[in-house]
There are 2 protein chains.
Amino acid sequence: MNTARVFDELLNALRAALGAAAVLTPDAQDPLDRYQQDWRKRYRGQALAIVRPANTDEVAQVVRLCAQHGVSIVPQGGNTSLVGGSVPDASGHQIVLSMSRLNRVLSVDAANLSMTVQAGCLLADVQAAADQAGLLFPLSLASEGSCTIGGNLATNAGGTQVLRYGTARELCLGLEAVTAQGDIWQGLQSLRKDNTGYDLRDLLIGSEGTLGIITAASLRLYPRPASQMSALVACNSLDACLRLLALARQTLDASLTGFEVMHRAPVALALQHLPAQAHAATALLPTSGDVSALPEWTVLLDTASTRVPHELSAQLEPLLDTALVAGLIDNAVIAQTETQYRAMWTLRETIPLAEKMEGLMVKHDIAVPTSCVPDFVRQAQAALDMAFPGCRVVCFGHLGDGNLHYNVQGPAHQSDQAFLSQHEHTVNDIVYDIVQRLNGTISAEHGIGQLKRDELGARQCAVSTQWMRAIKLALDPANTLNPGRLVP
Amino acid sequence: MNTARVFDELLNALRAALGAAAVLTPDAQDPLDRYQQDWRKRYRGQALAIVRPANTDEVAQVVRLCAQHGVSIVPQGGNTSLVGGSVPDASGHQIVLSMSRLNRVLSVDAANLSMTVQAGCLLADVQAAADQAGLLFPLSLASEGSCTIGGNLATNAGGTQVLRYGTARELCLGLEAVTAQGDIWQGLQSLRKDNTGYDLRDLLIGSEGTLGIITAASLRLYPRPASQMSALVACNSLDACLRLLALARQTLDASLTGFEVMHRAPVALALQHLPAQAHAATALLPTSGDVSALPEWTVLLDTASTRVPHELSAQLEPLLDTALVAGLIDNAVIAQTETQYRAMWTLRETIPLAEKMEGLMVKHDIAVPTSCVPDFVRQAQAALDMAFPGCRVVCFGHLGDGNLHYNVQGPAHQSDQAFLSQHEHTVNDIVYDIVQRLNGTISAEHGIGQLKRDELGARQCAVSTQWMRAIKLALDPANTLNPGRLVP
C-alpha cells in the first residue's frame with residue numbers, strides 16, 4: 001500500500017472516530033500556522049493533520065490509529081516550546097495531537113491541598129481555579145496565559161517560584177497518560193507518599209512527549225499567601241549576592257520565594273529600550289536612576305507569607321540592615337506599595353523584551369551549583385573576551401536556583417546576524433565547556449527538544465544516553481511519539 | 001561448566017579483584033546472620049557470599065564479575081528493610097553486595113545548600129555532617145542509626161519530616177550508580193534545575209536496587225532551625241483533626257513540620273506497656289492522665305523555624321486558641337521545656353514498641369488522600385467489625401501526609417498467632433479494598449520488596465506492571481540486580 005493511501009485511510013479513520021471537525025488538514029482554509037510554527041519562529045513544520053480529541057479516550061484512539069498506520073505523533077499543548085519541541089517536522093507525515101480541548105479543571109480537594117485538571121488547561125486557568133478555592137498553585141511563567149499544564153509537566157517547567165516551591169515536577173502528585181500503544185495509564189493519584197514501584201510519574205515528567213501523552217494531572221496546592229513583599233538591592237559583586245542569599249535563607253527560611261539577579265547590562269538595556277517600564281524600579285535605588293550609576297548587580301528579593309504583612313517586614317528590614325552593616329550590599333529599598341512591588345517585578349520581566357529590541361543574541365539557559373555562579377560568570381566573561389573582543393554579555397536569572405540566562409551579543413561594530421551565523425557554535429562551545437567543568441547543565445528549564453538534542457548527546461554521560469535510548473525503545477519501540485526530540 | 005565450578009570461579013575472581021578480606025562466605029566462622037536475616041525476622045536467606053567493595057570502581061567490578069558468571073546480586077545498605085528487600089533468597093546462589101565500606105561524607109557545599117555522600121553512609125552520620133556545617137538534612141527515621149542513605153534513596157524513605165521537607169526523593173539532587181552491566185552512571189549533580197532528558201535519578205530512587213546500585217548521592221540541605229516547638233492536642237474526631245490541620249497549614253505555613261495523630265487505642269497501649277515513657281506526655285493534657293479519659297484522637301503538632309522561639313509561640317498560641325473557640329479541639333498543651341518536647345515525641349515513638357509488647361498484629365502502611373482519612377477509618381472499622389467482631393485496631397500515623405499505620409489484632413479471646421495465620425489474608429483484602437476505592441496506596445513508605453510484590457501486581461493498573469517489566473528488562477535484561485523484588 002503506498003504512503004498516500006495509508007495517510008488517506010488514517011485521516012478517514014480519525015474522522016470516523018472523532019468527527020470531521022476534530023481533524024484539521026493544512027489544505028483547509030486556515031493555514032494552521034499556530035500549530036506548525038514554533039513560538040520563536042525557528043522551526044516551521046508541515047503536518048499531515050492537526051487532530052483535536054475531546055477526551056482521554058479519544059486521545060487513546062488517535063494514538064492507536066496512528067500506531068496502526070505507522071504514523072508518528074507530535075503532542076502539542078500551548079505550543080510555547082523554546083526548543084522546537086512541539087511542532088511537526090517538514091515531512092508532512094506527522095500528526096499534531098493538540099490537547100486544547102481537554103481543558104477542564106476536574107476537581108479541587110482543599111483538605112488534601114490538591115486539584116485534578118485535564119492536560120490542556122491553560123496554566124493561568126489552573127492558577128485561577130486554585131485561587132478561587134482560596135489556595136495557591138505556585139507554578140508561574142511568562143507564558144502562563146498560553147501554555148498548558150500538560151506541556152508544563154512534559155517539559156518540567158520552572159519559572160519564578162522554584163526557590164520556594166520547586167519545578168513542575170515537585171508540584172505534581174499524579175498523572176494520567178496515554179502510552180505509545182494507545183493504552184491509558186491510570187496514575188492520577190493525589191498522595192503525598194506512595195512507594196509502590198518505579199516512579200513512572202517522574203519518568204513522564206520532562207520526557208517531552210516521547211514516552212506517553214499526559215492527559216490529566218493531579219497537582220499539589222499550597223495555602224495562599226496573605227502578604228507579599230519585595231526588595232531591590234544593589235550589590236557590587238556576585239559573591240556578595242551569594243552571601244546575601246545565604247543570609248536571606250537563614251533569616252526568611254521558607255518565606256523567601258524568589259532571589260533574582262540582574263547584571264548592570266540588562267538593566268541598562270531595559271532603561272534604554274523600555275524606560276517607562278524600567279525607570280519606576282531603578283529610580284527607587286538612590287544611586288541608580290542614572291544609567292552610569294547603576295549597581296554592578298541588582299537583586300530582586302521576593303518574600304511571601306500566609307501571615308500579616310508586618311511580620312514579613314519585621315524580618316526583611318533587619319535582614320537588609322544586617323547586610324548593609326556587613327558590607328554585603330550597597331543599598332536596598334523595600335517596596336512600600338503594591339505599585340512599587342509591581343514596578344520591581346516589571347523591571348525583571350522587561351529584560352527579555354528589551355533584549356529582543358536590542359538585537360539578536362546567542363542565548364543560553366544554564367545552571368550550575370549556586371556556589372559556582374560567580375566562577376561561571378568570571379570564566380565565561382574571560383573566555384568570551386579573549387575569543388571575541390568587544391562582545392557584549394547580558395546576564396540575569398534565578399540566582400537562588402543557580403540558573404542564569406546568559407546571552408551573548410557580538411561587538412558593536414559587527415551585525416548581530418553576521419555574528420550569530422559565524423560564531424553561534426563557538427560561543428556555545430565556550431559557554432557549555434565551562435558549564436560542564438562546573439558540573440552544570442546546558443538546559444536548566446527550557447528542555448532539549450530539537451534545538452539541543454545533539455549538544456546533549458555530545459555532552460552527557462554515555463550511560464545516560466544508553467539508558468534514555470533503552471527506555472524509549474522499551475516503551476515506544478515503533479517511535480510513534482515525538483520522534484527526533486530529546487533522546488540523543 | 002557446572003554450577004559449583006562457576007561459583008568457585010566467581011569467588012576467586014572476586015577475591016582477586018577486592019582482596020580476600022572483602023569476600024565473606026557463610027562457611028566462615030561468622031554465621032553472617034546480620035547480612036542474611038531481615039530486621040523483622042520474616043525472611044532468612046542463604047548467600048553464596050557477602051562482598052564488601054571499598055569504592056565505586058570495586059562495586060562496578062563486582063557487578064561485572066557477577067553478570068559474567070550469571071550470578072545475581074542483592075544490594076544491601078543497613079539491612080533495615082521492612083518488606084524483605086535486602087536479604088538474599090534461600091538458594092545460596094546470590095551475592096549480597098554490602099555497601100557498608102562506602103561510608104564517607106565526600107563534601108558539604110554550604111553556599112549551594114548541598115552535600116555529597118557515599119551510599120553506605122549511615123543516615124545519622126549524614127545528619128551529623130550537615131549539622132556540623134550549621135545546616136539541616138531533614139530526613140529522619142526510627143532506624144537512622146543503622147540504615148544507610150543509599151538504602152533510604154533506593155526505597156524512597158519517608159519518616160517524620162515529610163510534611164515540610166518531602167520524602168528521600170525530594171531531598172536528592174543527584175546520584176552516582178552502577179548499572180546491571182557494571183557501568184558507572186555519572187549523575188552526581190547538585191543542581192536545583194536540570195531539564196536534560198529522562199529523569200533517571202527519580203527512576204533509580206524507589207527502584208529497590210532492581211535497576212542499578214546507588215553508590216553516591218548529592219543531597220539537598222536546609223538552613224538549620226533555631227527553634228522547635230510542639231503541642232499535644234485532644235480532638236474528638238478525625239474530621240476535627242483535619243480541620244485543625246488546615247488551620248495549622250494556613251497559620252504556620254512552612255513552619256509546620258509534623259502533624260501526627262494517635263487514636264485512643266495506641267495511646268492506651270503505650271500507657272499500659274510503657275507507662276514511664278508514655279505518662280509524661282499524656283499527663284500534660286488535663287483530662288488524659290487516666291486511661292479511661294483519653295481523648296478519642298491525640299494530635300502531635302510539630303513546628304520549627306530558623307527564627308527565635310517566641311515568634312513560633314506567637315503563632316502557635318493563637319492558632320490553638322482559635323481552634324478551641326471554634327470547637328475543633330477539646331484542649332491542647334504547648335511543650336514549655338525541652339523535656340516536655342521530648343516527652344511528646346517519646347509518646348509517639350513508644351507506640352510501635354508498645355504494639356510489639358501487646359502481641360502480633362496484621363500491619364499496614366497505607367496512605368489515602370488526606371481528605372479521605374476519616375472515610376478510610378470509618379469504612380475499615382465497620383468492615384472489620386463485621387468480619388471479625390471484637391477485633392482490635394491500632395491506628396496512628398502521619399495525618400499530614402495521609403499516611404496511617406493501621407494495625408489489626410484479633411479479638412481478645414483468640415490467640416494472636418491463630419488470628420494471624422487464619423485471617424491475615426482476609427484482613428489485608430478488607431483494608432486494601434477500601435484503600436483502593438479511595439485511590440490510596442498499599443505502601444506509603446515501606447516499599448514493596450518481597451512482601452507486597454504479589455499484592456502490588458494484583459492491584460495496580462496493568463499498564464504500570466507492563467511499564468515496570470519493560471523498564472526492568474531494558475536496563476537489566478539478565479535480571480542480575482535484586483531479582484524477585486518489587487517488579488510484579
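Within every chain, numbering begins at 1; the chains are lettered A, B, ... in the order of the sequence lines, protein sequences first and strands thereafter. Please read these numbers as outputs of a predicted model, since none were measured by experiment.
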Item to complete: With a 4.5 Å cut-off on heavy-atom pairs, point out which of B/Ala444, B/Ala474, B/Ser114, B/Ser207 contacts chain A the most.
Response: B/Ala444
Item to complete: Using distance alone, with no hydrogens and no angle criterion, decide if B/Thr257 and B/Gln161 have a side-chain donor and acceptor under 3.5 Å apart.
Response: no
Discussion item. Applying salt bridge (charged side-chain N to carboxylate O under 4.0 Å, His left out) as the test, list every pair that has at least one member in residues 453-470 of chain B; sequence neighbours left out.
Written reply: B/Asp429-B/Arg459, B/Asp433-B/Arg459, B/Glu455-B/Arg459
Worksheet item: Taking only residues two or more places apart in sequence or in another chain, which ones pass ring pair (Phe, Tyr, Trp, His ring centres under 6.0 Å) with A/His405?
Response: A/Phe396, A/His398, A/His446
Discussion item. Heavy-atom cut-off 4.5 Å, strictly under: side chain, backbone, both or neither for A/Gln460 against chain B?
Written reply: side chain
Worksheet item: Counting distance only, does the side-chain N/O of B/Thr303 pair as donor-acceptor with the main-chain N or O of B/Ser255 below 3.5 Å?
Response: no
Practice prompt. Indicate yes or no for a side-chain donor-acceptor contact from B/Arg192 to the backbone of A/Gly402 under 3.5 Å, with no hydrogens or angles considered.
Written response: no
Worksheet entry | A/Ile184, part contacting chain B, at a heavy-atom distance under 4.5 Å | backbone
Fill in: Minimal non-hydrogen separation, B/Pro138 against B/Tyr222, with atom names
CG-CD1, 3.7 Å
Fill in: Interchain contact, A/Arg307 with chain B, by part (heavy-atom threshold 4.5 Å)
side chain
Fill in: Atom group of B/Ala314 that falls short of 4.5 Å from chain A, counting heavy atoms
backbone
Discussion item. Quick check on A/Leu191 against chain B: is it the side chain, the backbone, both or neither that has a heavy atom closer than 4.5 Å?
Written reply: side chain
Discussion item. If we check side-chain contact (heavy atoms from CB on, under 4.5 Å) with B/Pro374, which of these qualifies: B/Leu238, B/Leu399, B/Val368?
Written reply: B/Leu238
Worksheet item: Got a donor-acceptor contact below 3.5 angstrom from the A/Asn156 side chain to the A/Ile205 backbone?
Response: no
Fill in: N/O donor-acceptor pair under 3.5 Å between B/Arg164 side chain and B/Ala254 backbone
yes
Worksheet entry | Structural part of B/Asn403 lying under 4.5 Å from a heavy atom of chain A | side chain
Worksheet item: Listed by residue number, which members of residues 461-468 of chain B have a heavy atom under 4.5 Å from any heavy atom of chain A?
Response: B/Cys461, B/Val463, B/Ser464, B/Gln466, B/Trp467, B/Met468
Fill in: Under 4.5 Å from a heavy atom of chain B, the part of A/Asp253 involved
both
Item to complete: With a 4.5 Å cut-off on heavy-atom pairs, point out which of A/Thr370, A/Leu473, A/Asn439 contacts chain B the most.
Response: A/Thr370
Fill in: Proximal component of B/Asp109, with respect to chain A [non-hydrogen, under 4.5 Å]
side chain
Fill in: Which portion of A/Lys452 sits near chain B, non-hydrogen atoms under 4.5 angstrom
neither
Worksheet item: Is there a donor-acceptor contact under 3.5 Å linking the side chains of B/Thr210 and B/Asn482?
Response: no
Discussion item. Heavy-atom pairs under 4.5 Å with chain B: which of A/Arg224, A/Arg201, A/Lys472 has the most?
Written reply: A/Lys472
Discussion item. Checking side-chain polar atoms at under 3.5 Å, does B/Asp194 have a donor or acceptor matched by the opposite partner on A/Thr441?
Written reply: yes
Worksheet item: chain B heavy atoms under 4.5 Å from A/Ala367: which part of the residue, side chain, backbone, both or neither?
Response: both
Discussion item. Applying ring pair (Phe, Tyr, Trp, His ring centres under 6.0 Å), can you list everything that pairs with A/Tyr198, at least two apart in sequence or on another chain?
Written reply: none
Fill in: Pick from B/Leu456, B/Leu252, B/Asp183, B/Ile366 with the largest number of heavy-atom pairs that fall under 4.5 Å of chain A
B/Leu456
Discussion item. Could you check whether A/Thr215 and A/Glu176, counting side-chain N and O atoms only, form a donor-acceptor pair closer than 3.5 Å?
Written reply: yes
Practice prompt. Go through the atoms of B/Thr167 and report whether side chain, backbone, both or neither lie under 4.5 Å from a heavy atom of chain A.
Written response: side chain
Item to complete: Specify which of B/Ile442, B/Leu135, B/Leu200 makes the most heavy-atom pairs with chain A at under 4.5 Å.
Response: B/Leu200
Fill in: Any side-chain donor near an acceptor of the partner, B/Ser443 and A/Asn195, under 3.5 Å
no
Fill in: Enclosure of B/Arg243 CZ (heavy-atom neighbours >12, cutoff 6.0 Å)
no
Worksheet item: Between A/Gln315, A/Glu208, A/Glu311, which has the largest tally of heavy atom pairs under 4.5 Å with chain B?
Response: A/Gln315
Discussion item. With a 4.5 angstrom heavy-atom cut-off, is it the side chain or the backbone of A/Val487 that approaches chain B, or both, or neither?
Written reply: side chain
Response to the item:
Residue from B/Gly197, B/Pro488, B/Ser190 scoring the most non-hydrogen pairs under 4.5 Å with chain A is B/Gly197
Discussion item. Below 4.5 Å, heavy-atom pairs only: which of B/Leu242, B/Leu245, B/Thr179 has the largest tally toward chain A?
Written reply: B/Thr179
Item to complete: Let me know if A/Ala110 has heavy atoms under 4.5 Å from chain B in its side chain, its backbone, both or neither.
Response: neither
Discussion item. Please check this pair: side chain of B/Gln181 against backbone of B/Leu475, looking for a donor-acceptor N/O pair closer than 3.5 Å.
Written reply: yes
Item to complete: Let me know if B/Ile448 has heavy atoms under 4.5 Å from chain A in its side chain, its backbone, both or neither.
Response: both
Discussion item. Are B/Val63 and B/Val178 packed together at the side-chain level, in the sense that at least one heavy-atom pair is separated by less than 4.5 angstrom?
Written reply: yes
Worksheet entry | Backbone N/O of A/Ala248 and side chain of A/Thr251: donor-acceptor pair under 3.5 Å | no
Worksheet item: Between B/Leu204, B/Leu173, B/Leu163, which has the largest tally of heavy atom pairs under 4.5 Å with chain A?
Response: B/Leu204
Worksheet item: Which region of A/Leu113, side chain (C-beta onward) or backbone (N, CA, C, O), has a non-hydrogen atom less than 4.5 Å from a non-hydrogen atom of chain B, or is it both or neither?
Response: side chain
